[in-house]
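The figures here come from the full heavy-atom set of this structure, side chains too, leaving out hydrogens, waters and symmetry mates. Counting begins at 1 with the first residue of the sequence.
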Amino acid sequence: CSGREVNLVKYLYRFLGIYLAFLVQSLFFENLKIFSCSPDIVLTVLIILAVSTDFTEAALLGAFAGLLTDAMYGTVFGINILIYMYTAISPIPLSAASGESTQNVAYTFLKSYAGVCLEGAIIVLACIIYSAFTSSPPTIDTSVSAVSMVWSYVGEIIFNMLVLVGTVKMSDRIVKE
């Protein structure tokens, strides 16, 4: 076996470890609640694997874990990919906090990480508000024609979707500022 094949097998085992942790979490730990919170086995395995890898592999493992989580549980696709990727690469910038000359790297990373988490919270809040708007039945005015009622309903849906998209875009802008 060459060195390249050994590295490929090592990467495959790490990705399979993340996938196995995801399966264990979704099959066994989903209903296990400790103070109404279930443990995140994927995050635990991700951090253990990320500490022993390089920056690029940690980011790829985090993206893979976030993709699995988004595909299974996510209400908004993509935010878990960012959060898990930031978490996977966090040991590298946080290790810079120990030196006086490199503390700025850790502080910048923490601000960026908090921004991504805040963006996720704003997006979830926007989705909750959107579902509250769309859960109420549309008002039906029987004195107008059926075509007018359909156009009114379509206009209301488009307006609600534009508000949702605008809120998500605004959350990205707020976090960056």
Side-chain angles (χ1 to χ4, degrees), residues 1-129 167-177:
C1 286
S2 68
R4 185 177 180 147
E5 290 173 359
V6 170
N7 283 340
L8 185 62
V9 170
K10 183 172 65 171
Y11 295 148
L12 183 64
Y13 280 146
R14 288 183 179 151
F15 278 96
L16 284 175
I18 294 287
Y19 186 71
L20 181 65
F22 177 76
L23 287 177
V24 167
Q25 177 178 325
S26 59
L27 292 175
F28 301 114
F29 287 96
E30 187 64 30
N31 296 324
L32 176 68
K33 302 284 185 190
I34 302 169
F35 299 113
S36 72
C37 296
S38 57
D40 196 346
I41 304 301
V42 175
L43 187 63
T44 306
V45 171
L46 175 66
I47 291 172
I48 291 169
L49 290 175
V51 168
S52 64
T53 62
D54 62 342
F55 187 81
T56 306
E57 187 180 345
L60 288 174
L61 285 171
F64 180 66
L67 180 69
L68 287 175
T69 305
D70 273 341
M72 186 70 169
Y73 306 114
T75 55
V76 178
F77 194 76
I79 196 65
N80 284 323
I81 294 172
L82 282 175
I83 291 173
Y84 276 74
M85 200 158 45
Y86 266 76
T87 304
I89 63 171
S90 66
I92 297 165
L94 291 180
S95 65
S98 60
E100 276 187 47
S101 62
T102 57
Q103 282 181 348
N104 194 26
V105 173
Y107 294 140
T108 304
F109 174 78
L110 284 175
K111 286 195 302 188
S112 176
Y113 187 68
V116 168
C117 292
L118 180 65
E119 183 177 1
I122 292 171
I123 289 172
V124 167
L125 182 65
C127 288
I128 290 170
I129 292 170
T167 307
V168 169
K169 291 290 185 183
M170 186 177 55
S171 72
D172 188 39
R173 184 173 167 215
I174 288 172
V175 166
K176 285 191 179 5
E177 291 177 0

Quick check: closest heavy atoms across [X] and [Y], and the distance to 0.1 Å?
X	Y	answer
Gly17	Val45	O-CG1, 4.1 Å
Ser98	Ser95	OG-O, 3.1 Å
Val42	Phe22	CG2-CA, 3.4 Å
Ala58	Ala50	CB-CB, 4.0 Å

From [X] atom [atom1] to [Y] atom [atom2], the distance as rounded to the nearest 0.5 Å:
X	Y	atom1	atom2	value
Ile48	Leu43	CD1	CG	10.0 Å
Ile89	Asp54	CD1	CG	12.0 Å
Ile83	Thr69	CD1	OG1	10.0 Å
Ile41	Ile18	CD1	CD1	11.5 Å
Leu23	Met72	CG	CE	9.0 Å
Asp70	Leu82	CG	CG	9.0 Å

Hey, does [Y] have a side-chain heavy atom less than 4.5 Å from the side chain of [X]?
X	Y	value
Leu61	Leu46	yes
Leu20	Leu16	no
Ser90	Phe109	yes
Ser52	Arg14	yes

(message) Please determine whether side chain to side chain contact (heavy atoms under 4.5 Å, CB included) holds for the pair Leu94 and Leu110, giving the CA-CA distance in whole Å, both sets of side-chain angles, and the decisive distance to 0.1 Å.
(response) CA-CA 8 Å; Leu94 291 180; Leu110 284 175; 3.7 Å; yes

(message) I'd like to know whether CZ of Phe15 has more than 12 heavy-atom contacts from other residues, nucleotides or ligands below 6.0 angstrom.
(response)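 Enclosed: over 12 neighbouring heavy atoms sit under 6.0 Å from CZ of Phe15.
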
(request) Assess whether side chain to side chain donor-acceptor pair (under 3.5 Å) is satisfied between Tyr113 and Thr87, documenting all intermediate values. (result) CA-CA 8 Å; Tyr113 187 68; Thr87 304; 2.8 Å; yes

(message) Counting the benzene-type ring for Trp, do Tyr84 and Phe64 have ring centres under 6.0 Å apart?
(response)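 No.
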
(message) Holding to side chain to side chain contact (heavy atoms under 4.5 Å, CB included), I want the full list of residues that pass it with Ala97, two or more places apart in sequence or in another chain.
(response)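 Side chain to side chain contact (heavy atoms under 4.5 Å, CB included) list for Ala97, sorted by chain: Ala106.
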
